[in-house]
Amino acid sequence: MAMSVVLVLEVAYMSLVSLVAIKLLRRLPERRYKWEPIAVGSGGVDDEEAAGAACGPEEFPLVLVQIPMYNEKEVYKLSIGAACALTWPPDRIIIQVLDDSTDPAIKDLVELECKDLARKNINIKYEIRGNRKGYKAGALKKGMEHTYAQQCDFVAIFDADFQPESDFLLRTIPFLVHNPKIALVQTRWEFVNYDVCLMTRIQKMSLDYHFKVEQESGSSMHAFFGFNGTAGVWRLSAINEAGGWKDRTTVEDMDLAVRASLKGWLFLYVGDIRVKSELPSTFKTYRYQQHRWTCGAANLFRKMAKEIVKSKGVSIWKKLHLLYSFFFVRRVIAPLLTFLFYCIVIPLSVMVPEVSIPVWGMVYIPTAITIMNAIRNPRSLHLMPLWILFENVMSMHRMRAALTGLFETMYVNEWVVTEKVGDHVNDKLEVPLLEPLKPTDCVER
């Protein structure tokens, strides 16, 4: 019951902050931080030569765009093409494709695509390495070791299925240029396949809540939130000061964000800027993704708790927010409580009369959490019952992942890349029928 109270208070706090700060007080990023557009030539956003002539080099910092990928046959052209179409002077941007593919055929396709674009005078680099040590963190770290990468001022990161709009850099970079204490500008994800099936619609509801409530409240109140690993722009000096990319967990993005925050850097979430991406369209893929996110976050809490407590130059308020709110409640309490209390204790109380649960704990608190989620997803109210059922199913997998991360069991560093379908996103999903099981005593029972 105590954990239920803790969770509902945290959810209520985040919901209240996001509603009051953004909806009522209109504390928009442009009002809280200095933002001035970078002028481009009179020829429009596609006139790159005019853009370079309109402003000096000091107004157009050198930007590195990193695209890590692994056997991304279906989407590699989408992400690389979108990155190459970004509006920025061609001599002030470097596209870096970090290919960890193990399939030689796919690797050849990606390399050929990069060479074709290079022949069109696009500054694109195709980088590979001899092994996959560290997975995505290892690839990003290796990419930053190149001389041309160290010369850049900012680095934008996009996963292989992300497609930024052409004005992405023009809208994000000014926050970093005019506010030297900001280390990260995170943008919102938009999903091209949210209407493929019921599962993708439910995923969209959960992720919309994450961005509208968790990210907005963290950015508004604490200038901190967990980096989502993609669709964001980092200040290179902040990455270096924080110690660079580390592969000790499967949430290298959150790891870097926490370490940068302890160094005093500020984070900004800009929800008006959206980047197209793809949701997992099969339950197996989604389950692997959730295991990686949940397990990695719990494991990072185990590894960084002492470091956060002992860190110097950090206020008690920030330490409390990191340890209690960001890690303990959201990454430990939430997955454990959802399964143990709502899926085990409450059903048992119905069958065992001796177990008595107060009405406020069994009805009021779950209803309050559901309502606060529904408020931020008004167009999906009709799906709320199904969302509750699906989240209860996923709670078992998330609890197992959280315990795996906390106790560092065998699958703590398991990394399964999320499969994408790319241009086939609108194709009708073919769900194979389950093969009939042979009758056995176990199955019958």
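This chain uses plain numbering: 1 for the first residue, then up along the sequence.
- Residues L262 and I308 have side chains in contact (heavy-atom distance under 4.5 Å, counting atoms from C-beta outward).
- Pairing each heavy atom of I344 with each of P347, the nearest pair is O-CD, 3.4 Å.
- Taken from CE in M394 to CZ in R287, the straight-line distance is 8.0 Å, to the nearest 0.5 Å.
- From T172, atom OG1 reaches atom CD1 of I182 across 11.0 Å, with rounding to the nearest 0.5 Å.
- Between W234 and F267, the ring planes are perpendicular. Angles over 60° get that label, and only those under 30° would be called parallel.
- Side-chain atoms of S311 do not come within 3.5 Å of backbone N or O of V314 as any donor-acceptor pair.
- A distance of 13.0 Å separates CZ in R201 from CG in N377, rounded to the nearest 0.5 Å.
- For N123 against P90, the heavy-atom pair with the smallest separation is CB-O, 4.2 Å.
- With salt bridges taken as basic N to acidic carboxylate O contacts below 4.0 Å, none links R171 and D272.
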**Request:** Evaluate the criterion side-chain hydrogen bond (donor to acceptor under 3.5 Å, both in side chains) for residue pair T282 and T285; output intermediate values, then yes/no.
**Result:** CA-CA 5 Å; T282 65; T285 304; 2.7 Å; yes
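- The backbone N or O of M144 lies less than 3.5 Å from a partner atom in the side chain of Q150, making a donor-acceptor pair.
- Looking only at side-chain heavy atoms (C-beta outward), Q215 and H210 come within less than 4.5 Å of each other.
- Side-chain atoms of E127 and D99, non-hydrogen and from C-beta on, never get closer than 4.5 Å to each other.
- A distance-only check finds no donor-acceptor pair linking the side chain of N373 to the backbone of I369 [under 3.5 Å].
- Within 6.0 Å of atom CZ in F283, more than 12 heavy atoms from other residues, nucleotides or ligands are found, so the atom counts as buried in its surroundings.
- When all heavy atoms of Y209 and S15 are compared, the closest pair comes out as OH-OG, 4.1 Å.
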**Message:** Please determine whether salt bridge (Lys or Arg N to Asp or Glu O under 4.0 Å) holds for the pair E190 and K204, giving the CA-CA distance in whole Å, both sets of side-chain angles, and the decisive distance to 0.1 Å.
**Reply:** CA-CA 9 Å; E190 189 174 54; K204 181 180 183 298; over 6 Å; no
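- Taking each heavy atom of P280 and Q289 in turn, the nearest pair found is CG-NE2, 3.7 Å.
- Among D100, T250, D159, T230, the one residue that satisfies the side chain to side chain donor-acceptor pair (under 3.5 Å) test with K136 is D159.
- Put simply, the side chain of S349 gets close to the backbone of I346: a donor and an acceptor are under 3.5 Å apart.
- In this structure, F158 has its ring center under 6.0 Å from that of F168.
- We find that D247 and K141 are not joined by a salt bridge, their nearest charged nitrogen and carboxylate oxygen being 4.0 Å or further apart.
- Classification of the F326-F224 ring pair by plane angle, with boundaries at 30° and 60°, yields perpendicular.
- Between K73 and E419 there is no salt bridge, since no side-chain N of the basic residue sits under 4.0 Å from a carboxylate O of the acidic one.
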**Asked** Does the ring pair (Phe, Tyr, Trp, His ring centres under 6.0 Å) test come out yes or no for F60 and W88, once each step is laid out?
**Response** CA-CA 8 Å; F60 279 103; W88 206 253; 4.9 Å; yes
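- Counting only heavy atoms from C-beta outward, the side chains of Y269 and F225 approach each other to under 4.5 Å.
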**Asked** When you look at L19 and L16, which way does the side-chain contact (heavy atoms from CB on, under 4.5 Å) test go after all the steps?
**Response** CA-CA 5 Å; L19 282 173; L16 183 63; 5.7 Å; no
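- At distances below 3.5 Å, at least one donor-acceptor pair connects side-chain atoms of Q96 with backbone N or O atoms of G143.
- A side-chain donor-acceptor contact under 3.5 Å links S217 to the backbone of V213.
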**Message:** Apply side-chain contact (heavy atoms from CB on, under 4.5 Å) to residues N71 and V417 and explain how you reach the verdict.
**Reply:** CA-CA 9 Å; N71 292 339; V417 176; over 6 Å; no
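- Without hydrogens or angle criteria, R292 side chain to V416 main chain gives a donor-acceptor distance under 3.5 Å.
- Using a cutoff of 4.0 Å between basic side-chain nitrogens and carboxylate oxygens, D255 and R248 are scored as salt-bridged.
- Without hydrogens or angle criteria, S79 side chain to Y76 main chain gives a donor-acceptor distance under 3.5 Å.
- The six-membered or imidazole ring of F175 lies away from that of Y33, with a centre-to-centre distance of 6.0 Å or more.
- Using a distance-only test at 3.5 Å, with no hydrogens or angles considered, a donor-acceptor pair links the side chain of T200 to the main chain of C197.
- Between L169 atom CG and L176 atom CG the span is 10.5 Å, to the nearest 0.5 Å.
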**Request:** Take S18 and R376, measure what side-chain hydrogen bond (donor to acceptor under 3.5 Å, both in side chains) needs, and give me the verdict at the end.
**Result:** CA-CA 10 Å; S18 62; R376 305 313 300 268; 2.8 Å; yes
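- For the pair F211/N228, a side-chain contact is recorded, criterion being any heavy-atom separation below 4.5 Å from C-beta on.
- Ring centroids of Y70 and Y135 are separated by 6.0 Å or more, keeping the two rings apart.
- Side chains of V309 and K319 form no contact here, defined as non-hydrogen atoms less than 4.5 Å apart.
- R330 and E10 are joined by a salt bridge, as a carboxylate oxygen and a charged side-chain nitrogen come within less than 4.0 angstrom of each other.
- Under a cut-off of 6.0 angstrom, the local environment of NZ in K263 is sparse, with at most 12 non-hydrogen atoms contributed by other residues, nucleotides or ligands.
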**Item:** R302 and E408: CA distance, side-chain angles, deciding distance, salt bridge (Lys or Arg N to Asp or Glu O under 4.0 Å) verdict
**Value:** CA-CA 9 Å; R302 172 191 173 110; E408 291 193 336; 3.7 Å; yes
**Item:** Verdict with supporting geometry, V393 and L389, side-chain contact (heavy atoms from CB on, under 4.5 Å)
**Value:** CA-CA 6 Å; V393 171; L389 294 175; 5.8 Å; no
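- Residues that satisfy the side chain to side chain donor-acceptor pair (under 3.5 Å) test with W265, not counting sequence neighbours, are E241.
- Remark: side-chain polar atoms of T367 are paired, donor with acceptor, to backbone N or O of V363 under 3.5 angstrom.
- T294 has its side chain out of reach of H397: every pair of non-hydrogen atoms, C-beta onward, lies at least 4.5 Å apart.
- Between W189 and F191, the two ring planes are perpendicular [angle over 60°; tilted spans 30° to 60°].
- A 6.0 Å sphere centred on NZ of K77 holds no more than 12 heavy atoms belonging to other residues, nucleotides or ligands.
- At least one side-chain heavy atom of L86 sits less than 4.5 Å from a side-chain heavy atom of P164.
- A 6.0 Å sphere centred on OH of Y148 holds more than 12 heavy atoms belonging to other residues, nucleotides or ligands.
- How far CG of D91 is from CG of N121: 12.0 Å, rounded to the nearest 0.5 Å.
- Electrostatic pairing of E391 and R398 counts as a salt bridge here, judged by a charged N lying under 4.0 Å from a carboxylate O.
- Here the CG-CG distance, from D161 to L279, works out to 9.0 Å after rounding to the nearest 0.5 Å.
- Between P29 and the options I273, N179, V185, V270, a side-chain contact (heavy atoms from CB on, under 4.5 Å) holds for only V270.
- By the 6.0 Å and 45° rule, K276 does not stack over the aromatic ring of F162.
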